[in-house]
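Comments concern the structure below.
Atom set for the values below is all heavy atoms of this structure, side chains included, hydrogens, waters and symmetry mates excluded.
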Amino acid sequence: MEKTQEHNDREPSESRTTPASPTCASSTSVKCAGSTSFHPPPKQSPWSEISPPPTYRPIRSPAINPPPNTNSQAIILAPVPQSQKVLAISLPHTFQSPSKKIHSPDDIRQFINSDSSKNFLGFIVSLSESTRSHKTSDSFHESTTVKKIVSIIETLIQWTEEIPPAQQSSRYGNISYRTWHNRLVENSESLMLQILPELLKSSMVEIVPYFTDSFGNSSRIDYGTGHETNFSAWLYCLARMGVIEEVDYQALVSRVFVNYIELMRKLQLVYNLEPAGSHGVWGLDDYHFLPYIFGSSQLINHKFMKPKSIHNEDILENFSNEYMYLSCIVFIKKVKKGLFAEHSPLLDDISGVPNWNKVNSGLLKMYRAEVLEKVPIMQHFLFGSLIQWE
């Protein structure tokens, strides 16, 4: 009984365990023989770093890849490109087969500072101004030449019906596009003869390469803003030769360019053309740029449609046939799934601009910086006697 009592007397002190004191040899030791009490650990949030509380959840999910490193401040501070009258050539004129000249950033700077570059960009600005505050269906002068160009594009659209896509497993690049493009190359001279007068038939050696490179690349089976720029360069060459006059500019946008975009969307859907040089989610559009410039000009001073109106489904449904900008938005929503702010964040940001005039001027500056000043795009651009390498 005494032993039991003795054991019970010792039990409270001997059975009580105390935290082991850190040894002095440890590099993370505390003061030896000091207090071993620590502050309680901070209370952990039930939310993980990957899944923050709903109040902090971003409206737009972060993309996997960061946006391209573009000097947006330089674009904002840059002057707005101004329209210029196209410099007409004098006849007789010696035409030449165009070739590639741009291979480095130094070449880009030389091109941007040249009179050829400024006059070409001034032509695009003039096209934009010609359709300012005009719907696509508004009346305008439509010359015989414009009607023939539209007829050529309609022929190219018809070829997509005659050349069906091949059955293949790959997502992009249907090989039947090469058949379509080969037909384009084979018939390009006969198509040019429909719009060229007798005195200018010798120009085919120079303008045909711009034309055949306006609808994508048959080797890579892709299409992008560089090919779109070639189409506008082809129109610019026709303007320099006097085949197209300034009075035709509104028809070039509302008839020719609208039909050109229709053709390219047909090619993209039928043959699954791969986007050429796309910035992905951080780009304006996978394929096009100019219809946003012309389309924003159409909407300048509109009474009730603002840039934020692209989020109104009723407006898109009822007015996309009249305004190129809205047509582009409708097409993007058709081919891309998910929230608009996630797959087209740049267009979503532009919808917050207060008016269309600022949208148009900003897009013109952006076109110069993101298309005409980019080596990967302009390295394929051609120079001859009509667009000279100075």
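Proximity of a side-chain donor or acceptor of Gln110 to a complementary backbone N or O of Glu390 within less than 3.5 Å is detected. Ser128 contributes no side-chain N or O that, together with a main-chain N or O of Ile124, makes up a donor-acceptor pair within less than 3.5 Å. Looking at Glu228, its side chain does come within 3.5 Å of a backbone N or O of Phe289 through a donor-acceptor pair. A donor-acceptor contact shorter than 3.5 Å links the side chain of Asp248 to the backbone of Glu245. Looking only at distances, a side-chain donor or acceptor of Ser361 sits under 3.5 Å from a matching main-chain atom of Lys358. The backbone N or O of Ser114 lies less than 3.5 Å from no partner atom in the side chain of Ser117, so there is not a single donor-acceptor pair. For the pair Ser126 (side chain) and Gly122 (backbone), a donor-acceptor distance under 3.5 Å is present. The backbone N or O of Pro275 lies less than 3.5 Å from no partner atom in the side chain of Asp286, so there is not a single donor-acceptor pair. A distance-only check finds a donor-acceptor pair linking the side chain of Ser133 to the backbone of Ile300 [under 3.5 Å]. Listed for the Asn217 side chain is no donor-acceptor partner under 3.5 Å among the backbone atoms of Tyr223.
Under the 4.5 Å side-chain heavy-atom criterion for grouping Ile, Leu, Val, Met, Phe, Trp and Tyr, Leu193 is connected to Val150 within one hydrophobic cluster. Note on Phe120: it does not cluster hydrophobically with Leu87, by side-chain heavy-atom contacts below 4.5 Å among ILVMFWY residues. A chain of hydrophobic side-chain contacts below 4.5 Å, direct or via other Ile, Leu, Val, Met, Phe, Trp or Tyr residues, connects Leu91 to Met204. Neither Tyr271 nor Val335 shares a network with the other; the hydrophobic side chains, linked directly or stepwise wherever heavy atoms of I, L, V, M, F, W or Y lie under 4.5 Å apart, form separate groups for each.
Residues Leu196 and Ser203 are in side-chain contact: their nearest non-hydrogen atoms beyond the backbone lie under 4.5 Å apart. Contact of the Asp106 side chain with the Phe111 side chain is not registered, since no non-hydrogen atoms from C-beta on lie closer than 4.5 Å. Between Ser99 and Leu382 the shortest side-chain heavy-atom distance does not fall below 4.5 Å. The shortest side-chain heavy-atom distance between Val125 and Leu127 does not fall under the 4.5 Å cut-off. Two residues are said to be in side-chain contact when any heavy atoms from C-beta on lie closer than 4.5 Å; Asn355 and Lys306 fail this criterion.
The list of ring-ring contact (aromatic ring centres under 6.0 Å, His included) pairs with a residue in residues 136-155, not counting sequence neighbours, is empty. Residue pairs that meet the side-chain hydrogen bond (donor to acceptor under 3.5 Å, both in side chains) test with at least one member in residues 375-389, sequence neighbours left out, are His93-Ser385, Glu206-Ser385.
Note: Ile261 CD1 to Gln268 CD = 8.0 Å, rounded to the nearest 0.5 Å. From Leu372, atom CG reaches atom NZ of Lys118 across 13.5 Å, with rounding to the nearest 0.5 Å. With values rounded to the nearest 0.5 angstrom, Ser327 atom OG is found 14.5 Å from Phe319 atom CZ. Rounding to the nearest 0.5 Å gives a distance of 11.5 Å between CD1 of Ile149 and CG of Leu191. Annotation: the span from Leu184 atom CG to Trp180 atom CH2 amounts to 5.0 Å, rounded to 0.5 Å. With values rounded to the nearest 0.5 angstrom, Asn272 atom CG is found 13.0 Å from Asp222 atom CG.
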Audit row: Val256, Phe231, side-chain contact (heavy atoms from CB on, under 4.5 Å) steps and yes/no:
CA-CA 11 Å; Val256 173; Phe231 185 76; 3.8 Å; yes

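Residue-environment remark: CD (Glu162) exceeds the threshold of 12 foreign heavy atoms within 6.0 Å. For Lys201, the NZ atom is densely surrounded, since the number of other residues' heavy atoms within 6.0 Å is greater than 12.
What you find for Thr145 and Ile195 is that their closest heavy atoms are O-CG2, 4.4 Å. Among all heavy-atom pairs drawn from Val353 and Pro307, the shortest one is O-CG, 3.2 Å. Taking every heavy atom of both residues into account, Gln250 and Asp138 meet most closely at NE2-CB, 4.4 Å. Closest heavy-atom contact between Phe123 and Ser232: CE2-O, 3.7 Å. When every heavy atom of Lys365 is checked against every heavy atom of Pro81, the shortest pair comes out as CG-CD, 3.8 Å. The two residues Gln298 and Glu322 make their nearest non-hydrogen contact at NE2-O, 3.6 Å.
Partners of Phe215 according to the ring-ring contact (aromatic ring centres under 6.0 Å, His included) rule, which considers only residues two or more places apart in sequence or in another chain, are Phe211, Tyr260. Residues that satisfy the ring-ring contact (aromatic ring centres under 6.0 Å, His included) test with His103, not counting sequence neighbours, are absent from this structure. Phe331 is linked by a ring-ring contact (aromatic ring centres under 6.0 Å, His included) to nothing, counting only residues two or more places apart in sequence or in another chain. Listed by chain and residue number, Phe257 satisfy the ring-ring contact (aromatic ring centres under 6.0 Å, His included) test with Phe294 (two or more places apart in sequence, or in another chain).
With respect to Glu142 and Arg255, a salt bridge is recorded, a charged nitrogen being found less than 4.0 Å from a carboxylate O.
In summary, the side chains of Ser188 and Arg183 do not present any donor paired with an acceptor at a separation below 3.5 Å, with no hydrogens or angles considered. Of the N and O atoms on the side chains of His311 and Ser351, at least one donor lies less than 3.5 Å from an acceptor on the other residue. Side-chain polar atoms of Asp285 and Tyr292 form a donor-acceptor pair below 3.5 angstrom. Thr229 and Tyr367 share a side-chain donor-acceptor pair at under 3.5 Å.
When Asn312, Asn318, Asn321, Ile310 are each tested for a side chain to side chain contact (heavy atoms under 4.5 Å, CB included) with Leu326, only one passes: Ile310. Exactly one residue among Leu284, Asp349, Ile332 makes a side chain to side chain contact (heavy atoms under 4.5 Å, CB included) with Ser344. That residue is Ile332.
Taking the six-membered ring for Trp and the full ring otherwise, the centers of Tyr177 and His181 sit less than 6.0 Å from each other. Between Tyr210 and Tyr236, the gap from one ring centroid to the other reaches at least 6.0 Å.
For the pair Lys100 and Phe383, the cation-pi test (distance below 6.0 Å, angle within 45°) is failed.
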